[in-house]
Protein chains: 2
Amino acid sequence: MAKFSAIKQHVYNKIASGEWPENHPVSSENALALQFKVSRMTARRALQELANEGIVIRTKGSGTFVAPIKSQTSFMAIRNIADEIRARQHRYHAQVQVLRREHASDLIAEMLNLQPGDTVFHSVISHYENDLPVQVEERYVNPALAADYLKQNYNEITPHEYLCQAQPLTEASHEIEAVTPSNQLCQWLLLTKPEPCLRINRRTWSAEGVVTYAVLTHPGSRFSLGGHLQF
Amino acid sequence: MAKFSAIKQHVYNKIASGEWPENHPVSSENALALQFKVSRMTARRALQELANEGIVIRTKGSGTFVAPIKSQTSFMAIRNIADEIRARQHRYHAQVQVLRREHASDLIAEMLNLQPGDTVFHSVISHYENDLPVQVEERYVNPALAADYLKQNYNEITPHEYLCQAQPLTEASHEIEAVTPSNQLCQWLLLTKPEPCLRINRRTWSAEGVVTYAVLTHPGSRFSLGGHLQF
DNA sequence: TAGTGGTCTAGACCACTTT
DNA sequence: AAGTGGTCTAGACCACTAT
């Protein structure tokens, strides 16, 4: 692993574990350079990337600090809901609702570049923040590119994490919309009445083709997606 | 201006002018370093930031290339709804619902870094794609930073376009959520029944402070937000 | 083999904030 | 005055791509 990556991981762990709460000072560039025996430029790169991701905030002359939770919800949520929840210092757990082989519908076949009726892997997992589901992840996977997908224990690793290591992911496209959840989704989300939900439809590629199509549904009352742009 | 910024601007101008179309090779790090008489690390930083912004794509061993347009479109919709609609070759028009001076509520004052009761400019504009509204733009503006805001004709220029030229915008933060629209919003959106709506809350800064706070509401049935990520 | 981007070093000067 | 982040230099070695 690259040195700057190791430093990022170190800082990230401090935050995720709760040892460094919101607004807590992060070791300075010089301190990290000493500690990890690297040049200041390398330590700097680690902090700079964390700042770009919205994990920390840097102020000239003052220092680097753990970002307020509201600023941290950038694209991490799109990438890894479990880390996102843990970084907020909340309890995370998953509940596997569906995990099986299926035959591809027309829509799924098109999304995965397969033929209708071809075998696909299908999972549905509820992701809990404390004791409420904040996301239902419906996922379809191309079996050719992740043969062991059904054998994983998704209480310990998220599908996204597994797929990242099974197939180096190169790009993703996503579409964000507002929808009314189906009755089935209301059950999985523990919603007694339907409420507007934020939905992210995402297709993810590796060098060998479409790996997975995911439909992520979040209750509007429990979730928002933040971001930051510099012009 | 910092040297790496000047190089970014140079590359950006080549692309915006059309001189370097999609997939056209961008000068290499070494070439830019020579041309601008800077070290390779500085030229590298310029290209790296352009890559982070999705403007160019870099491939190890091969080179740097102008990104395909699809990768650049992600945040266009957030920036300028009129251009987005016209790019789809649909008819666009705006309807101004509200355009006046008001006293800031507690929330608006906080968002604009003003005191409650201070004067703010307030506009509400419906944006039509063909003959249906796809966005209601509720916007609050800091009068100190855009004194002529109320004098513009928003059938000919969007508030965002006007603000861009009145104050160079430097950054924006936004939050995306799913909501149930109020009765007033249903009227503005020509919705007979409430339906889930996608909402974008955005604060925009210039060098002099918060310029504007905007609440953009889109009917779920008529709008989705697309994006593209490269890992 | 030559060129490219990815990583890294060991310095330097500056503007800024805190004490 | 001391510490911080922001910028920059002039090298270096590596893995990868194209020829």
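In this text, all values refer to a predicted model and were calculated from it rather than measured experimentally.
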Exercise. Closer to the 5' end of DNA chain C via nearest nucleotide, is it Met41(B) or Ser28(B)?
Worked result: Ser28(B)
Rounded distance in Å - [atom1] ([X]) to [atom2] ([N]):
X	N	atom1	atom2	answer
Asn30(B)	dT7(C)	CG	P	16 Å
Ile57(A)	dT4(D)	CD1	C1'	16 Å
Lys8(B)	dG6(D)	NZ	C1'	14 Å
Lys3(B)	dG6(D)	NZ	P	18 Å
Phe4(A)	dG5(C)	CZ	C1'	13 Å
Leu34(A)	dG3(D)	CG	C1'	13 Å
Phe65(A)	dT4(D)	CZ	P	10 Å
Leu32(B)	dC8(D)	CG	P	14 Å

For this session: Identify the residue among Glu156(A), Lys151(A), Gln152(A) that makes a side chain to side chain contact (heavy atoms under 4.5 Å, CB included) with Tyr162(A).
Result: Gln152(A)
Problem set entry | Minimum side-chain heavy-atom gap Gln95(A)-Tyr128(A) below 4.5 Å | yes
Exercise. Is there side-chain contact between Phe121(B) and Arg101(B), with at least one heavy-atom pair below 4.5 Å?
Worked result: yes
For this session: Determine whether the aromatic ring centres of Tyr154(A) and Tyr149(A) lie less than 6.0 Å apart.
Result: yes
Exercise. So what does Arg45(B) hit on the nucleic acid, given a heavy-atom distance under 4.0 Å: a base, only sugar-phosphate, or nothing?
Worked result: sugar-phosphate
For this session: Classify the nucleic acid contact of Arg44(A) as base, sugar-phosphate or nothing, counting any heavy atom under 4.0 Å across all strands shown.
Result: base
Closest to side chain of [X], choosing from [options]:
X	options	answer
Arg58(B)	dT4(D), dG6(C), dC8(D)	dG6(C)
Glu29(B)	dT7(D), dT9(C), dG6(C)	dG6(C)
Ala2(A)	dT4(C), dG6(D), dT7(C)	dT7(C)
Arg40(A)	dG6(C), dG5(D), dG11(D)	dG5(D)

Do any side-chain nitrogens or oxygens of [X] fall under 4.0 Å of OP1 or OP2 in [N]?
X	N	result
Thr64(B)	dG5(C)	yes
Thr42(B)	dT9(D)	yes
Gln48(B)	dG5(C)	no

For this session: Over all heavy atoms of both residues, which pair between Val56(B) and Leu47(B) is shortest? Give the atoms and the distance, please.
Result: CG2-O, 3.9 Å
For this session: Do nucleotides 14-19 of chain C as a string where each nucleotide becomes B, S or -: B if the base has a protein heavy atom under 4.0 Å, S if just the sugar-phosphate does, - if no protein is that close.
Result: --BB--
Problem set entry | Point-to-point distance, once rounded to the nearest 0.5 Å, from CD of Glu29(B) to OG1 of Thr42(B) | 11.0 Å
For this session: Please answer whether the main-chain N or O of Val210(B) pairs with a side-chain N or O of Arg203(B) as donor and acceptor at a distance below 3.5 Å.
Result: no
Exercise. So, does Thr212(A) use its side chain to make a donor-acceptor pair with the main chain of Tyr140(A) at under 3.5 Å?
Worked result: yes
